[in-house]
Structure formats: C-alpha cells, structure tokens
Amino acid sequence: MLKGRVAVVTGGGSGIGRGIALGLADKGVRVAVCGRRVEFLEQTVVLIREHGGSAVGLDADVTKREEVERMVASVVNEWGQIDILVNNAGVSGRTPMDDPDDLRWLNILDVNLTGSYLCSKVVLPHMKESGRIINMSSVLGRFGVPGYAAYCTAKHGILGFTKALALEVAGRGITVNAVCPTWVDTDMARQGIEETAAILGMPAEDFRAQAVAAVPIKRMAEVEEVVALVIFLCQADAASITGQVMNVCGGATAGSGS
C-alpha cells in the first residue's frame with residue numbers, strides 16, 4: 001500500500017516523469033515534481049490536484065547540488081519524509097565524435113548520470129526502511145547506437161550506479177532498481193526522431209516508421225506501461241527486488257543478451 005508515502009520525481013513536468021507522478025498520486029502518494037521548466041511542473045501539479053491528489057512543484061537543476069539540497073529540504077519541510085525517489089530527469093541528443101563542441105556530451109552525462117547521483121545522495125539521509133529508488137535508464141543503456149555515445153554512456157552508467165547503490169543500502173531495507181524503456185511516445189522521443197531524420201535527410205515520419213519496425217512488437221511503448229512497472233517496484237510486494245535492471249522494450253533487447 002502506497003497511500004500516505006512521499007515521492008520525489010525528477011523531470012516530472014512532462015513525458016514519462018509526468019506519467020509516473022500522476023500514477024503515484026493516483027495511489028495516494030504525495031508527490032513532489034521537480035525540474036527546470038516551472039510552467040510544465042505547474043501543469044503536472046494541477047493535473048494531480050484535479051484528481052484529488054497532493055502535489056508540489058519545485059524548480060531545481062539536478063546537476064547543481066545546492067539546488068538539489070534546497071529542493072529536498074522543501075519536501076522534508078512540507079511532508080516530513082521522503083519514501084520514494086524516481087531519478088527520471090534526462091536529456092538526449094546526438095554527440096558524434098566529429099563534433100568539435102564537447103558541451104552536449106558534458107551536459108548529457110551531467111543531467112542523466114550525475115543528476116541521479118546527486119539526488120540519491122541528498123535524499124538518502126531522509127529515507128527510512130522500505131524506501132525505494134528507481135533510476136530511469138533506457139534500452140540505450142543495454143546496447144550502443146552510433147552517434148549517441150554520450151547518451152549510451154550515461155544510460156549504461158545508470159545501470160552500474162544502480163547495482164552498486166543497491167548493495168550499499170540493502171542493509172537499510174531500501175531497494176534500488178533501474179528501468180530501461182524502448183521508444184516511448186513522448187516529446188523527447190519525437191525530438192530524437194526529428195533530429196536523426198534531419199541528419200539522414202529523410203522525413204521524420206519515415207524514420208519513425210523505421211524505428212518502430214525495429215521493435216519486435218512493432219509499436220512504441222506507452223507511458224502507462226512504464227508507469228505500471230515503476231509503481232510495482234515501489235510497493236511492498238517488490239521488497240526483495242533490488243539491484244535489478246528491468247526492460248520495457250517490446251523485445252528490443254531480447255537478442256542482445258541483456
């Protein structure tokens with residue numbers, strides 16, 4: 001039973017993060033959504049409250065420790081506890097090796113990997129037994145894609161971080177798991193499709209069709225399918241599941257040994 005628990009969902013203003021925040025709130029969880037786009041956070045909070053849930057939106061850059069500390073302090077001051085952390089904040093984009101600019105590489109690693117580390121580190125002192133940390137990785141944390149070295153590196157790194165942290169906090173009764181979605185129909189996916197299609201010199205819809213065709217079930221995953229797994233991992237029934245990596249991939253990783 002999740003009612004009355006408190007969750008922090010980073011990147012909760014849109015896409016999978018918003019879906020997770022709404023799903024947890026529907027189970028009676030008090031949800032703090034954090035991110036850098038205040039207007040999107042406010043939209044998520046409004047949606048939760050319209051359905052009778054309890055939520056706050058907190059502006060925070062997960063790559064800056066002082067902002068993470070301020071965000072976590074606000075949650076603890078509001079509700080006195082943090083039981084669930086969903087490290088969902090992320091950015092993607094192409095980082096080919098012939099790009100003379102290193103800034104995108106550094107930003108992708110900073111947001112996806114260092115952000116998860118900082119949020120976990122700052123939240124853990126406030127997390128008691130039966131706490132849950134869910135790290136959002138990707139199928140690109142399971143295999144490589146040319147031109148996306150930074151994103152693949154960050155998402156592979158999340159898996160190592162998950163396994164090591166799970167062992168570090170196992171004695172406290174806290175579980176740590178990672179979720180690896182395939183293409184999910186979100187703004188980030190659409191951005192990636194449009195960017196790659198432009199580089200390949202083809203219409204975005206054509207590249208989308210190719211991407212979907214490469215998924216064995218021949219469709220993108222739905223946000224709700226990812227949300228359902230995250231909610232399960234937060235429940236008491238999942239108390240013995242820790243240090244695990246779970247794919248929501250439509251079979252995309254079935255032939256990769258992952």
Side-chain angles (χ1 to χ4, degrees), residues 9-21 33-37 40-41 60-64 86-119 134-162 178-200 202 204-212 214-215 220-223 225-227 230 245 247-250 252-253 256 258:
V9 180
T10 69
S14 62
I16 293 173
R18 175 176 287 180
I20 292 170
V33 289
C34 86
R36 291 181 292 183
R37 298 181 296 177
F40 290 95
L41 298 177
D61 182 340
V62 299
T63 70
K64 294 180 170 56
V86 182
N87 283 313
N88 171 75
V91 293
S92 184
R94 285 177 54 81
T95 52
M97 287 300 183
D98 59 3
D99 184 351
D101 190 351
D102 299 328
L103 290 179
R104 177 174 271 192
W105 166 279
L106 295 171
N107 185 54
I108 288 172
L109 265 65
D110 215 15
V111 174
N112 290 279
L113 190 52
T114 303
S116 296
Y117 159 76
L118 286 174
C119 289
I134 314 295
N135 296 319
M136 298 306 297
S137 183
S138 163
V139 292
L140 271 68
R142 293 301 216 171
F143 50 74
V145 173
Y148 284 85
Y151 192 71
C152 291
T153 299
K155 292 306 187 181
H156 274 75
I158 284 291
L159 305 190
F161 173 66
T162 296
V179 175
C180 295
T182 183
W183 288 105
V184 181
D185 197 7
T186 63
D187 287 341
M188 182 181 285
R190 286 188 284 274
Q191 177 185 341
I193 287 170
E194 290 171 2
E195 180 182 40
T196 304
I199 291 169
L200 295 174
M202 62 190 301
E205 282 306 309
D206 289 353
F207 179 73
R208 178 190 174 99
Q210 287 184 12
V212 170
V215 180
M220 291 188 173
E222 300 292 338
V223 170
E225 294 172 310
V226 180
V227 172
V230 171
V245 179
N247 304 321
V248 185
C249 68
T253 65
S256 68
S258 297

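Throughout, residue positions are numbered sequentially from 1 according to the sequence presented. Every value quoted in this text rests on a predicted model; they were computed, and no experiment measured them.
Under the 4.5 Å side-chain criterion, counting only non-hydrogen atoms from C-beta, V212 is in contact with M220. No side-chain heavy atom of S116 sits under 4.5 Å from any side-chain heavy atom of M136. At a threshold of 4.5 Å between non-hydrogen side-chain atoms, the residues R37 and S14 count as touching.
Between S137 and P181, the closest heavy-atom pair is O-CD, 3.5 Å. Nearest heavy atom pair, residue W105 against residue A150, reads CE3-CB, 3.3 Å. Closest of all the heavy-atom pairs between L118 and K64 is CD1-N, 4.3 Å. The two residues V226 and V248 make their nearest non-hydrogen contact at CG2-CG1, 4.2 Å. Minimum heavy-atom separation, A89 to G11: CB-N, 3.8 Å. Taking both residues in full, the closest heavy atoms of P146 and R94 are given as O-NH1, 4.0 Å, listed atom of the first, atom of the second, then distance.
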Exercise. Test V145 against Y151 for side-chain contact (heavy atoms from CB on, under 4.5 Å), laying out the working first.
Key: CA-CA 9 Å; V145 173; Y151 192 71; over 6 Å; no
Self-check item: side-chain contact (heavy atoms from CB on, under 4.5 Å) between V223 and V184, intermediate numbers included
Solution: CA-CA 6 Å; V223 170; V184 181; 3.7 Å; yes
Exercise. Please lay out, stage by stage, how D185 and R190 fare under the test side-chain contact (heavy atoms from CB on, under 4.5 Å).
Key: CA-CA 7 Å; D185 197 7; R190 286 188 284 274; 2.9 Å; yes
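How far CG of D102 is from CG of L109: 11.5 Å, rounded to the nearest 0.5 Å. Here CD of E222 is found 11.0 Å from CD1 of I16. Values are rounded to the nearest 0.5 Å. Note that the CG atom of N112 and the OG1 atom of T63 stand 11.0 Å from one another [nearest 0.5 Å]. The distance from the CD atom of E194 to the CD atom of E205 is 9.0 Å, given to the nearest 0.5 Å. Interatomic distance, T95 OG1 to I108 CD1, rounded to the nearest 0.5 Å: 5.5 Å. One finds the CD1 atom of I193 at 5.0 Å from the CZ atom of R208 (value rounded to the nearest 0.5 Å).
The only member of N135, L159, I158 that meets side-chain contact (heavy atoms from CB on, under 4.5 Å) when paired with V245 is L159.
With hydrogens and angles left out, the side-chain atoms of N247 and T253 include a donor and acceptor closer than 3.5 Å.
Proximity of a side-chain donor or acceptor of T10 to a complementary backbone N or O of N88 within less than 3.5 Å is detected. For R18 (side chain) and G12 (main-chain N/O), no donor-acceptor pair under 3.5 Å exists by modelled atom type.
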